[in-house]
Participant: 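What follows is a single structure, and I will ask about it in a moment.
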2 protein chains.
Amino acid sequence: MTKPRAAETRKRTRIQKENEDRILEAALDIFSTFGFRGATIDQIANAAGMSKPNLLYYFRTKEAIHQVLIDTLLDNWLDPLRELNPDGDPLAELQSYIRRKLELARDYPRESRLFANEMLQGAPRIQEELRDLKALVDEKAAVIEQWIKDGKMARCNPHHLIFSIWATTQHYADFDVQVCAILAEEESIERRFSDAAKTLEQLFVHGLKISTK
Amino acid sequence: MTKPRAAETRKRTRIQKENEDRILEAALDIFSTFGFRGATIDQIANAAGMSKPNLLYYFRTKEAIHQVLIDTLLDNWLDPLRELNPDGDPLAELQSYIRRKLELARDYPRESRLFANEMLQGAPRIQEELRDLKALVDEKAAVIEQWIKDGKMARCNPHHLIFSIWATTQHYADFDVQVCAILAEEESIERRFSDAAKTLEQLFVHGLKISTK
DNA sequence: AGTAAAATTGACCTGTTGGTAAATATTACA
DNA sequence: TGTAATATTTACCAACAGGTCAATTTTACT
């Protein structure tokens, strides 16, 4: 015990807490932009307003920082799916799920990009988390399957439906540059968000066919 | 002219052509997985079965390789959108667009990931290409808008519709690890693809509402 | 076969990167 | 106020990265 690392001790100091938060905040910026290998500790330390050795006093390795980010990310990220209520109205439930995912993409784009980066690289650091994810998705897919069997919504493949919801919503975080480049620049983020929400609702509920109502 | 670099000379040798192809092939692997900053020349050279200096004999810098990949990528990538025919049947045109994009995701996942990596990092190296992209998208969005005005398809925001098509199809390339982890492992790529195609058609055309036909 | 151009390599250089060691400064708390 | 634990910094290291150079081998062509 010659070197009682801050992160290891039981009680966390005020300074410790503050600095760890600053580091994680900065690391989220850098990792989400450059990916794990593309990010450097120097960059993160700099963004956190801190010297590199000082940063390494709080997190022993680059991996350690990344791990914490990924872990906390996944928790929040899956909350909307967890809340899908089997007893609610199917279309309303799905619409609210879509909306909540879209809000996450709007409010936490860096988290989305961090996750996307990890996926692009083949998810080398989150194999076990993917297993938990599968369990949750399978569970909710069963819920959707039941809805379909009960004749409450159109037949479709529940897993792929979930993929489509993920894809369309996260797109606004992950491909934000592209979205902004293509939409007129004067479009505010609020406008983009509400247009996206309206379009997704239209698509997922009614599709593109002329409705005969 | 003391050093007539291979890539600069008019006539391309057999060896030159072969090696450039091998390098680009290897670079696509590495860049698409690790992103620009995460990829190293050593990795690429190694994957191409070639020494680093030899690789640098064909491409002067890491950027040069990346640039070629991005340029050729964008061309092929946008072909399906270019072919959207204003005089065709709207829903059939869009369905065939979706299918072609899905085929691209299946057959050229690395290209998709390369592009995704660039987007995640804020598209630092493809600003001007994004402008061309905007022009094309605006043009096709106008086509869709006309279809809507003609009462041939349901009202929606054409730009966001295109985003949704991109998102859902590319998802199968970019998030392949996740998709595979969540679907049962025994599912073949053909099965995944056909399930995805069917689901997307259902979604984009009919939506999830119970159809009354 | 001879030769000039093209291709390849090993050795090297410079800057960067993840991480360490030891010394110093600061804080919390009795 | 003293002091032990905590926090921070300076100086450093070894490995790696992008890229160059000069020398050597291979190829294409007469």
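Chain identifiers are assigned alphabetically (A, B, ...) following the order of the sequence lines, protein sequences preceding nucleic acid strands; residue numbering begins at 1 within each chain. Please read these numbers as outputs of a predicted model, since none were measured by experiment.
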Participant: Mind calculating the distance between CD1 (B:I41) and C1' (D:dA17) to the nearest angstrom?
Facilitator: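 After rounding, the gap between these two atoms is 8 Å.
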Participant: Is the shortest distance from a Lys or Arg side-chain nitrogen in A:R82 or A:D79 to a carboxylate oxygen in the other one below 4.0 Å?
Facilitator: yes
Participant: Taking the side chain of B:N19 as heavy atoms from C-beta outward, which of D:dG18, C:dT8, D:dG19 is closest to it?
Facilitator: C:dT8
Participant: Do A:Q178 and B:L133 have side chains that approach each other closer than 4.5 Å (heavy atoms only, starting at C-beta)?
Facilitator: yes
Participant: Using the ring of each side chain (for Trp, its six-membered ring), is B:F163 parallel, tilted or perpendicular to A:Y172, with breaks at 30° and 60°?
Facilitator: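 Judged by the thresholds at 30° and 60°, the geometry between B:F163 and A:Y172 is perpendicular.
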Participant: Salt bridge or not between A:E190 and A:R106? Use side-chain N to carboxylate O under 4.0 Å.
Facilitator: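 Not counted as a salt bridge, because no side-chain N and carboxylate O are separated by less than 4.0 Å.
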Participant: Within less than 4.0 Å of OP1 or OP2 of D:dT6, is there a side-chain N or O belonging to A:Q16?
Facilitator: no
Participant: Using only side-chain N and O atoms of B:T13, determine if any of them is under 4.0 Å from OP1 or OP2 of C:dA7.
Facilitator: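 Answer yes for this pair, as a side-chain N or O of B:T13 is under 4.0 Å from OP1 or OP2.
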Participant: Starting the side chain at C-beta, find the nucleotide from D:dG18, C:dA7, C:dT27 nearest to A:I15.
Facilitator: C:dT27
Participant: With heavy atoms under 4.0 Å as the rule, sort B:A45 into base, sugar-phosphate or nothing.
Facilitator: nothing
Participant: From the options D:dG18, C:dT17, D:dG19, select the nucleotide whose nearest atom is closest to the side chain of A:D42.
Facilitator: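 Per side-chain heavy atoms of A:D42, the pick is C:dT17.
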Participant: Check every atom of C:dA21, D:dG19, D:dT27 against the side chain of A:P53 and return the nucleotide holding the closest atom.
Facilitator: C:dA21
Participant: C:dG18 phosphate, OP1 or OP2: any side-chain N/O from A:R60 under 4.0 angstrom?
Facilitator: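 Looking at the OP1 and OP2 atoms of C:dG18, neither is under 4.0 Å from any side-chain N or O of A:R60.
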Participant: I need the CG-C1' distance between B:L56 and C:dA11, as an integer number of Å.
Facilitator: 15 Å
Participant: Side chain of A:S51 only, please: which of D:dG19, D:dA7, D:dT9 is the nearest?
Facilitator: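 Closest nucleotide among those given: D:dT9.
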Participant: Taking B:D138 first and then B:K134, would you say they form a salt bridge - that is, a charged N and a carboxylate O separated by under 4.0 Å?
Facilitator: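 Salt bridge between B:D138 and B:K134, a charged N being under 4.0 Å from a carboxylate O: yes.
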Participant: CZ of A:R22 versus P of D:dA7: gap in Å, rounded?
Facilitator: 13 Å
Participant: Can we say A:R22 and A:E18 salt-bridge, meaning some charged N sits less than 4.0 Å from an Asp/Glu carboxylate O?
Facilitator: no
Participant: Compare the minimum distances between each of D:dA7, C:dT17, C:dA7 and the side chain of B:R37, then state the nucleotide with the smallest one.
Facilitator: C:dT17
Participant: Between the base of C:dG18 and the side chain of A:K52, is there any donor-acceptor pair under 3.5 Å?
Facilitator: yes
Participant: Less than 4.0 angstrom between a side-chain N/O of A:N54 and OP1 or OP2 of D:dA7, yes or no?
Facilitator: no
Participant: What's the closest nucleotide to the side chain of B:Y58 if the choices are C:dA7, D:dA28, D:dT8?
Facilitator: C:dA7
Participant: When you get a sec, tell me which of D:dT6, C:dT20, C:dT9 is the closest nucleotide to the side chain of A:Y57?
Facilitator: D:dT6
Participant: Which listed nucleotide (C:dT17, C:dA7, D:dG19) is nearest to the side chain of B:K62?
Facilitator: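 When the side chain of B:K62 is considered, D:dG19 is the closest of C:dT17, C:dA7, D:dG19.
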Participant: Starting at atom NE2 of A:H66, determine the distance to atom P of C:dG19, rounded to an integer number of angstrom.
Facilitator: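 That distance rounds to 13 Å.
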Participant: Starting at CZ of B:R14 and ending at P of D:dT26, how long is that distance when rounded to a whole Å?
Facilitator: 14 Å
Participant: Rounded to the nearest Å, what distance is computed from the CZ atom of residue A:F36 to the C1' atom of nucleotide C:dG18?
Facilitator: 10 Å
